[in-house]
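Structure record follows, encoded as structure tokens.
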Protein chains: 4
Amino acid sequence: MPKKTFFRLSEAKRSLIERSAITVINEQGYDSATIKDIVNTAGIPRGSFYQYFNGLSDLFIHLIQIIAKRKFSYMGHLFEQLEKHPFLEMFRELTRAGLMFAKDDKEAYLFGYHLYHSQSEEVLALRARLEDEGIAMMESYLMNDANKDWLKEGTDIRMLAKMLYDFNARDLVYQFYRGDPIELMIKRTDAFINILREGVKKEASNE
Amino acid sequence: MPKKTFFRLSEAKRSLIERSAITVINEQGYDSATIKDIVNTAGIPRGSFYQYFNGLSDLFIHLIQIIAKRKFSYMGHLFEQLEKHPFLEMFRELTRAGLMFAKDDKEAYLFGYHLYHSQSEEVLALRARLEDEGIAMMESYLMNDANKDWLKEGTDIRMLAKMLYDFNARDLVYQFYRGDPIELMIKRTDAFINILREGVKKEASNE
Amino acid sequence: MPKKTFFRLSEAKRSLIERSAITVINEQGYDSATIKDIVNTAGIPRGSFYQYFNGLSDLFIHLIQIIAKRKFSYMGHLFEQLEKHPFLEMFRELTRAGLMFAKDDKEAYLFGYHLYHSQSEEVLALRARLEDEGIAMMESYLMNDANKDWLKEGTDIRMLAKMLYDFNARDLVYQFYRGDPIELMIKRTDAFINILREGVKKEASNE
Amino acid sequence: MPKKTFFRLSEAKRSLIERSAITVINEQGYDSATIKDIVNTAGIPRGSFYQYFNGLSDLFIHLIQIIAKRKFSYMGHLFEQLEKHPFLEMFRELTRAGLMFAKDDKEAYLFGYHLYHSQSEEVLALRARLEDEGIAMMESYLMNDANKDWLKEGTDIRMLAKMLYDFNARDLVYQFYRGDPIELMIKRTDAFINILREGVKKEASNE
DNA sequence: CATGAATGAGTCTTCATTCAT
DNA sequence: AATGAATGAAGACTCATTCAT
């Protein structure tokens with residue numbers, strides 16, 4: 001957690017530092033990014049960095065959290081209707097909301113990529129925690145589906161939740177990182193959902 | 001590519017260096033592993049490293065390739081029957097063969113993890129190439145399924161191939177990395193295949 | 001010398017700062033203690049420190065002095081009888097009085113340790129001054145002994161005074177610093193005095 | 001312990017580094033000496049230092065040890081006769097031998113000073129070890145005295161050994177550090193020994 | 001080819017001290 | 001007087017890479 005000093009800064013300065021760090025880490029990757037580059041980019045003195053943060057991972061975790069919050073805010077309006085429809089349909093909407101966020105703030109959306117590409121203890125722990133929370137949330141909605149008899153019996157709900165979570169938090173982010181256009185990502189999402197919903201096996205038909 | 005010198009070494013020494021590098025990189029991650037640690041672990045002089053390789057990525061790519069070859073050899077016997085059965089069934093077998101490899105050579109199997117966690121240009125390129133090849137191969141087998149009318153019409157074959165490839169090359173490796181037991185991984189694989197095959201949507205039943 | 005500002009503070013605040021500094025310096029040693037740690041421990045703002053003191057040595061010297069005064073107050077009652085008995089006997093009492101102080105205020109007693117472990121100019125000067133004063137005082141009492149014919153002729157009084165001073169101000173403090181129990185320290189003091197008084201050479205006996 | 005690399009250097013270079021470190025530490029004190037100053041003084045690159053040592057304390061401990069050995073070599077010839085005379089007499093000779101060393105290599109002799117003025121864990125541990133060894137050695141010779149009935153009954157041998165050890169390893173070194181002339185130190189040593197031997201209490205005389 | 005010492009650029013991190021409010 | 005942010009100098013330590021033997 002950043003030190004108190006950081007939160008006492010003006011919104012402008014805080015934001016400047018955050019954006020600088022996001023830019024630098026997006027360019028070099030978390031494990032290669034240096035504090036030096038971040039302070040240079042932000043134009044603040046080296047020592048100040050340590051008045052604000054305990055180290056790079058401190059800042060990184062802070063960024064992941066505020067970005068998650070921001071991204072989440074794009075989805076807020078969907079939550080009230082979430083239980084009224086099969087979750088796979090809502091997942092499509094949630095995903096699109098996420099991609100709206102990507103459109104509005106490319107750098108921030110991209111930043112999630114690094115959650116999957118650091119070996120640092122803290123980052124791994126954070127990733128695990130976020131994953132657990134995200135998957136648990138999805139599981140609970142899928143349980144709702146099951147209760148409403150919208151899900152095939154025998155479906156491994158946890159596995160399904162995991163697949164959905166990963167697709168959204170990892171695969172899509174990676175596609176964006178690679179530069180795939182959002183339209184293509186939307187199409188792929190539909191194909192993905194379709195496979196999950198319908199399955200791929202041709203039914204023994206009675207034709 | 002390693003220099004000629006490397007391939008002129010005795011098999012024993014070559015293997016010693018390879019295994020040392022695998023151990024070090026597995027412990028620290030590719031981006032944090034240092035040449036220093038590798039030569040120390042192998043007990044060879046620092047200068048020798050540069051007589052064998054052009055740098056760390058050179059060695060890394062070499063390792064990925066020999067390991068891929070080794071892993072592949074566990075699956076060879078399956079290829080002749082591959083077109084005779086629906087690919088999802090064969091995928092199960094391929095996966096299990098891969099896990100046999102994991103049992104025999106944990107470190108090598110684990111090593112694939114790092115293919116997904118480096119930001120170095122060369123590694124990213126290698127990863128993309130391997131992915132393309134792997135997915136293309138799976139696609140061709142899935143096309144065979146389609147031709148035999150084993151696949152539901154409208155199935156996005158490329159997406160399906162991608163999902164299968166990722167599950168095998170990335171998700172399972174990650175589970176192993178986390179320390180999940182192989183039995184659990186096998187169960188998960190079955191659940192995964194089941195979802196893909198059957199889908200999760202409850203058919204409107206005529207009860 | 002602390003600035004006037006410091007002495008205008010409330011007794012409570014002054015004492016808080018003093019105790020914090022003693023704690024920090026006892027833990028880290030004078031040469032490694034930082035102003036940062038002291039203000040953090042005391043919970044006062046960094047800038048305030050410079051309103052009270054000119055630097056760390058300023059505070060350190062102040063602490064040595066108030067502690068010396070406090071320790072001295074434990075011995076006051078002995079001074080009136082000091083000339084009535086051989087000084088070595090009184091030395092035993094003075095030492096015990098010092099150890100009572102140690103019991104009552106461990107941290108303060110311990111603090112003297114640092115007088116012997118700093119290389120800073122000011123501290124070395126202070127140490128020399130205190131030593132001169134202390135030894136001179138002891139010398140004067142030993143002269144009294146000599147006058148009363150309680151001391152063997154030829155005894156090097158200055159050397160004796162120095163030995164006594166060091167034992168009390170340095171050796172005992174160091175033992176306490178190491179964690180030796182006070183009872184042991186008392187026993188050692190007696191052994192020390194005994195050696196000084198009687199000598200260690202076996203008299204040519206007329207057996 | 002220095003790394004192997006250090007011992008593979010030419011005697012000249014090794015000695016250059018050792019003397020540079022001794023000079024720097026004597027000037028600034030161990031806790032304030034910096035590696036930067038040492039490498040500058042020696043004229044070697046910064047990185048080399050870390051090829052030779054694991055850190056400053058590593059070098060420091062090495063220096064203490066080689067100096068102790070050198071100092072010891074000045075006393076070697078005394079050891080054969082050590083048991084034939086009362087130890088206090090031999091102590092005078094040992095001390096003088098030490099002072100010969102001081103004359104020949106002022107910087108090295110002085111260096112012992114720092115053993116008593118660092119708070120670093122390693123140095124404290126080394127100091128304790130050396131002290132234990134030195135005191136134990138003296139104790140054994142004093143036991144010899146006791147067996148030969150040269151020592152007054154009831155003498156606390158451990159305390160006496162401690163006093164002798166400290167006087168030689170600490171007090172004399174400190175006097176030298178302060179710049180006292182060797183002749184004065186010799187006189188003081190005699191006075192010190194005299195007090196210990198004869199005691200200071202005037203015997204109840206039967207005059 | 002083997003060896004391992006030399007080199008110095010590059011980072012992190014800590015703090016004393018100042019200064020504006 | 002109190003406060004605490006700003007600043008940058010300073011030092012530790014790590015390593016990739018080169019080079020002489």
Side-chain angles (χ1 to χ4, degrees), chain A residues 3-10 13-14 32-40 43-58, chain B residues 3-6 8-10 13 32-40 43-58, chain C residues 3-6 8-10 13 28 32-40 43-58, chain D residues 3-10 13-14 28 31-40 43-59:
Chain A
K3 301 182 181 176
K4 271 181 289 180
T5 319
F6 180 64
F7 296 108
R8 286 200 208 98
L9 294 178
S10 71
K13 186 158 188 184
R14 221 162 50 227
S32 305
T34 67
I35 288 171
K36 186 184 160 240
D37 285 334
I38 292 172
V39 298
N40 283 351
I44 60 168
R46 214 172 249 257
S48 292
F49 186 91
Y50 291 92
Q51 295 234 348
Y52 307 147
F53 310 103
N54 292 304
L56 190 51
S57 70
D58 192 13
Chain B
K3 300 181 181 177
K4 276 179 290 182
T5 338
F6 180 64
R8 287 202 206 97
L9 294 177
S10 73
K13 185 158 188 183
S32 303
T34 66
I35 290 173
K36 185 183 162 243
D37 284 334
I38 291 171
V39 299
N40 283 351
I44 61 167
R46 232 160 218 264
S48 294
F49 188 92
Y50 290 91
Q51 302 218 305
Y52 307 148
F53 310 103
N54 293 305
L56 190 52
S57 69
D58 191 11
Chain C
K3 300 182 181 176
K4 275 178 291 182
T5 336
F6 180 64
R8 286 203 207 97
L9 294 177
S10 73
K13 186 159 188 184
Q28 324 196 352
S32 304
T34 66
I35 290 173
K36 185 183 162 245
D37 284 334
I38 292 172
V39 298
N40 282 352
I44 61 168
R46 233 160 216 262
S48 293
F49 187 92
Y50 291 91
Q51 302 218 303
Y52 307 147
F53 310 103
N54 293 304
L56 189 52
S57 68
D58 191 13
Chain D
K3 301 181 182 177
K4 271 182 291 182
T5 319
F6 180 65
F7 295 108
R8 287 200 207 97
L9 294 178
S10 71
K13 186 159 189 183
R14 220 163 51 229
Q28 323 195 353
D31 286 348
S32 304
T34 66
I35 289 171
K36 186 183 160 242
D37 285 334
I38 292 172
V39 298
N40 283 350
I44 61 168
R46 215 173 248 254
S48 292
F49 186 91
Y50 291 93
Q51 294 233 347
Y52 307 146
F53 310 103
N54 293 305
L56 190 51
S57 70
D58 191 13
L59 170 51

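Values in this document were obtained by computation on a predicted structure and should not be read as measured data. Throughout, protein chains are lettered first and strands after them, A, B, ... in sequence-line order, and every chain is numbered starting at 1.
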> By side chain to side chain donor-acceptor pair (under 3.5 Å), which residues pair with B:D37, not counting sequence neighbours?
Replying inline: B:Q28, B:T34
>> Going by side chain to side chain donor-acceptor pair (under 3.5 Å), name the residues that satisfy it together with D:S32, two or more places apart in sequence or in a different chain.
In response: none
>> Just to be sure I understand the rule, does D:K13 reach a base, reach only the sugar-phosphate, or reach nothing, if contact means heavy atoms closer than 4.0 Å?
In response: sugar-phosphate
> Taking the side chain of B:R8 as its heavy atoms from C-beta onward, which of E:dA16, E:dT13, E:dC1 lies nearest to it?
Replying inline: E:dC1
> Want to settle it: does B:S32 or D:D37 sit nearer the 5' end of DNA chain F, counting the closest nucleotide to each?
Replying inline: D:D37
> salt bridge (Lys or Arg N to Asp or Glu O under 4.0 Å) with D:R14: which residues, sequence neighbours excluded?
Replying inline: D:E11
> Which dot-bracket notation, 5' to 3', represents the base pairing of DNA chain E when pairs are defined as Watson-Crick or G-U with both distances under 3.5 Å, crossing pairs as [ ], and inter-strand pairs as |?
Replying inline: .||||||||||||||||||||
> According to a strict under-4.0 Å criterion, is C:K36 in side-chain N/O contact with OP1 or OP2 of E:dT13?
Replying inline: no
> How would you list, by chain and number, every residue that makes a ring-ring contact (aromatic ring centres under 6.0 Å, His included) with B:F53, sequence neighbours excluded?
Replying inline: B:F6, B:F49
> What residues form a side-chain contact (heavy atoms from CB on, under 4.5 Å) with A:K13, not counting sequence neighbours?
Replying inline: A:L9, A:S10, A:I17, A:I44, A:Y52
> Which comes earlier along DNA chain F counting from the 5' end, the contact point of C:G47 or that of D:R46, where each point is its nearest nucleotide?
Replying inline: C:G47
> Taking only residues two or more places apart in sequence, or in another chain, which ones meet C:T5 in a side chain to side chain donor-acceptor pair (under 3.5 Å)?
Replying inline: none
>> Classify A:I38 by what it touches in the nucleic acid, base, sugar-phosphate, or nothing, heavy-atom distance under 4.0 Å.
In response: nothing
> What are the 5'-most and 3'-most nucleotides of DNA chain F lying under 4.0 Å from any heavy atom of chain B?
Replying inline: F:dC15 to F:dT18
> Considering residues at least two apart in sequence or located in another chain, which fulfil the ring-ring contact (aromatic ring centres under 6.0 Å, His included) criterion with A:Y50?
Replying inline: none
>> Suppose we screen for side chain to side chain donor-acceptor pair (under 3.5 Å). Which residues come up paired with C:N54, at least two apart in sequence or across chains?
In response: C:D58
>> Using a 4.0 Å cut-off on heavy atoms, which residues in residues 48-55 of chain A reach DNA chain F? List them by number, or say none.
In response: A:S48, A:Q51, A:Y52
